Protein chains: 2
Amino acid sequence: MAPPDTRTQILAAAERLFAERGYRGTSVRAITDLAGANLAAVGYHFGSKAELLAAVARRVIEPINAAQCAGLDRLLARTSDPAVTELVEAFAGPLFDEMPAGDEGGARTSRLIVTILSDPAEEVRSWTGPAEDTVRERYLAAFGRALPGLSPEELRFRMRGILAVTAVDRVEVYQRRDPACLSPVAGEAARNWAITFLTAAMSAPPTGT
Amino acid sequence: MAPPDTRTQILAAAERLFAERGYRGTSVRAITDLAGANLAAVGYHFGSKAELLAAVARRVIEPINAAQCAGLDRLLARTSDPAVTELVEAFAGPLFDEMPAGDEGGARTSRLIVTILSDPAEEVRSWTGPAEDTVRERYLAAFGRALPGLSPEELRFRMRGILAVTAVDRVEVYQRRDPACLSPVAGEAARNWAITFLTAAMSAPPTGT
DNA sequence: GTTTGATTCAAACGAACGTATGACTGAAGC
DNA sequence: GCTTCAGTCATACGTTCGTTTGAATCAAAC
């Protein structure tokens with residue numbers, strides 16, 4: 001096996017350290033040390049620390065987005081009005097499944113996503129492209145058809161809830177570093193719990209004024 | 001009105017800046033500048049930046065915890081087995097209500113809480129005392145009685161979901177800085193949406209193996 | 001009037017940070 | 001053999017950071 005090139009090793013090291021220590025808590029020196037690369041390599045390959053984060057984020061998010069998109073396509077090919085459970089599974093499932101290898105049950109990647117999304121700095125959240133919004137809008141429309149009577153605002157609220165539950169759960173698991181929580185069987189259980197929880201939540205009747 | 005003392009002004013400035021820029025994104029100099037105090041005042045009154053954060057966190061969390069505790073007491077004084085809706089409202093309600101004045105509909109405080117809870121650094125999360133755990137355990141027991149048949153693990157998962165939904169929703173609102181989302185009426189709507197969403201989610205039947 | 005103790009102040013410390021620079025390396029192209 | 005060029009390297013620059021220091025300030029106690 002050929003040794004991975006410097007660029008890839010920096011990406012892997014940055015992905016890990018950003019997840020473990022956050023963006024600001026990770027120095028470029030720590031990344032290059034872990035990657036076995038020279039300090040200047042980050043500037044050479046990515047331009048700056050912020051652009052490195054954007055590259056890391058894209059690499060992590062893209063397969064999740066693609067899986068969410070494909071899942072919705074699959075549902076819509078079968079019926080024009082998928083059930084709420086199916087939509088929840090297609091949307092939330094990839095947040096559990098599409099995690100790179102070597103990741104402790106995907107928890108580290110979830111940690112990274114939350115770290116990025118919750119960082120107040122603009123530069124940290126500016127990696128996003130139009131693809132994420134497109135997928136979310138498509139699910140929004142599908143949920144809207146499955147849940148008539150729900151106002152668009154309340155529907156948006158509930159979709160945020162899906163992201164919140166899936167992301168935060170796994171982050172807490174990761175922070176506690178309890179090995180039992182990181183086993184594949186525990187991850188599978190959390191996946192099923194989340195789908196149960198979220199399907200019931202999404203299916204709730206509209207809130208009366 | 002007597003001008004507030006330096007210590008209080010530093011606490012207020014730190015609360016605001018930690019929420020807006022995160023812990024690492026906020027320098028002690030920025031805090032003392034906003035507070036109109038000298039740089040060394042933080043060291044004098046709090047010892048260090050980390051201890052200042054702990055003081056800020058305690059000031060924000062304590063009223064929420066007290067309200068959660070009081071709400072549960074009120075329910076248990078009436079009946080030994082409160083309904084799921086009542087428990088959800090008593091637990092999640094204070095996360096919307098117990099916000100200090102001057103806070104944009106409580107969103108800034110929620111932002112601060114998420115900033116603290118999601119920061120990977122140990123020092124940022126080490127402010128917590130035994131009170132938070134006590135309240136959570138009490139609610140856990142009450143939910144367990146209201147939802148027999150749910151395994152303790154799945155119940156814990158669902159309680160994390162409550163925190164996730166309430167916190168993350170308001171953070172996104174705050175980050176977007178849409179003034180319409182910060183109005184009291186929008187905050188009231190979000191509160192009701194959350195209770196509907198979470199009551200249905202908590203009431204879901206246990207996940208089959 | 002003097003002492004005391006709490007508080008505020010300007011200034012400086014050393015460390016760590018992101019980034020830039022210019023020399024070096026080694027294989028590919030001619 | 002010489003050139004080219006992407007990549008790597010040690011090193012340094014300027015800035016910002018949290019913290020510390022020791023003098024100045026000031027009201028209260030004596």
Side-chain angles (χ1 to χ4, degrees), chain A residues 1-57 59 112 115-116 119-127, chain B residues 1-58 112 115-116 119-127:
Chain A
M1 187 173 71
D5 60 2
T6 303
R7 199 189 129 93
T8 306
Q9 290 202 249
I10 289 176
L11 273 174
E15 182 179 316
R16 172 173 191 156
L17 292 179
F18 284 153
E20 287 179 357
R21 314 181 188 174
Y23 176 71
R24 289 200 154 92
T26 303
S27 69
V28 175
R29 284 170 175 84
I31 294 170
T32 52
D33 282 357
L34 180 62
N38 186 270
L39 172 61
V42 165
Y44 178 76
H45 286 285
F46 299 96
S48 68
K49 183 186 179 184
E51 290 171 276
L52 169 60
L53 172 68
V56 169
R59 202 173 71 137
L112 175 65
T115 293
I116 293 172
D119 195 297
E122 194 60 41
E123 59 178 336
V124 178
R125 278 179 290 119
S126 61
W127 54 270
Chain B
M1 188 172 70
D5 60 2
T6 302
R7 198 189 130 92
T8 306
Q9 290 202 250
I10 289 176
L11 273 174
E15 183 179 316
R16 171 173 192 155
L17 292 179
F18 284 153
E20 287 180 357
R21 313 180 190 175
Y23 176 71
R24 290 203 154 92
T26 303
S27 68
V28 176
R29 285 170 174 83
I31 294 170
T32 51
D33 283 358
L34 181 62
N38 186 270
L39 172 62
V42 165
Y44 178 77
H45 286 286
F46 299 95
S48 70
K49 183 187 178 184
E51 290 171 277
L52 169 58
L53 173 69
V56 168
R58 272 192 296 269
L112 175 64
T115 292
I116 293 172
D119 196 296
E122 194 61 41
E123 59 178 333
V124 178
R125 279 179 290 118
S126 61
W127 54 270

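Throughout, protein chains are lettered first and strands after them, A, B, ... in sequence-line order, and every chain is numbered starting at 1. In this text, all values refer to a predicted model and were calculated from it rather than measured experimentally.
- Closest of all the heavy-atom pairs between L11(A) and A55(A) is CD2-CB, 3.9 Å.
- Rounded to whole Å, the distance from OH on Y44(A) to C1' on dG7(D) is 5 Å.
- When the nearest nucleotides of DNA chain C are assigned to V42(A) and T6(B) by heavy-atom distance, the more 5′-ward of the two goes with T6(B).
- Across all strands, T32(A) comes closer than 4.0 Å to no nucleic acid atom at all (heavy-atom distances).
- Separating the CD atom of E51(A) from the P atom of dT19(C) is a distance of 9 Å, rounded to the nearest angstrom.
- At least one donor-acceptor pair under 3.5 Å links the side chain of T26(B) to the backbone N or O of L17(B).
- The phosphate of dA16(C) (OP1 or OP2) has no side-chain N or O of S27(A) nearer than 4.0 angstrom.
- The phosphate of dT8(D) has OP1 or OP2 within less than 4.0 Å of a side-chain N or O from H45(A).
- Here A40(A) lies in heavy-atom contact (under 4.0 Å) with a base.
- Looking at the side chain of R29(B), the nearest of the listed nucleotides dA12(D), dC17(D), dT8(C) is dC17(D).
- The side chain of S48(B) lies closest to dT19(D) when the candidates are dC17(D), dG18(C), dT19(D).
- When atom types are taken as modelled, the side chain of K49(A) and the backbone of G43(A) share no donor-acceptor pair closer than 3.5 angstrom.
- Considering only the side chain of K49(B), dG18(D) comes nearest among dT8(C), dT8(D), dG18(D).
- Straight-line distance from the CZ atom of R24(B) to the C1' atom of dA16(C): 12 Å, rounded to whole Å.
- Taking atom CZ of residue F46(A) and atom P of nucleotide dT8(D), one finds them 11 Å apart after rounding to whole Å.
- Between T115(A) and Y23(A), the shortest heavy-atom distance links the atoms CG2-N, 4.1 Å.
- Contact record, R24(B) with R21(A): NH1-O, 3.7 Å, taken as the closest heavy-atom pair.
- Between D5(A) atom CG and dA27(C) atom P there is a gap of 17 Å when expressed in whole angstrom units.
- The CG atom of N38(B) sits 5 Å away from the P atom of dC9(C) (whole-angstrom rounding).
- Distance from the side chain of L39(A) is smallest to dT11(D) among dG18(D), dT8(C), dT11(D).
- Between R21(A) atom CZ and dA16(C) atom P the separation is 13 Å, expressed in whole Å.
- In this structure, the CD1 atom of I31(B) is 12 Å from the C1' atom of dC17(D), given to the nearest Å.
- Side-chain atoms of V28(B) lie closest to dG18(D) of the nucleotides dA10(D), dG18(D), dG18(C).
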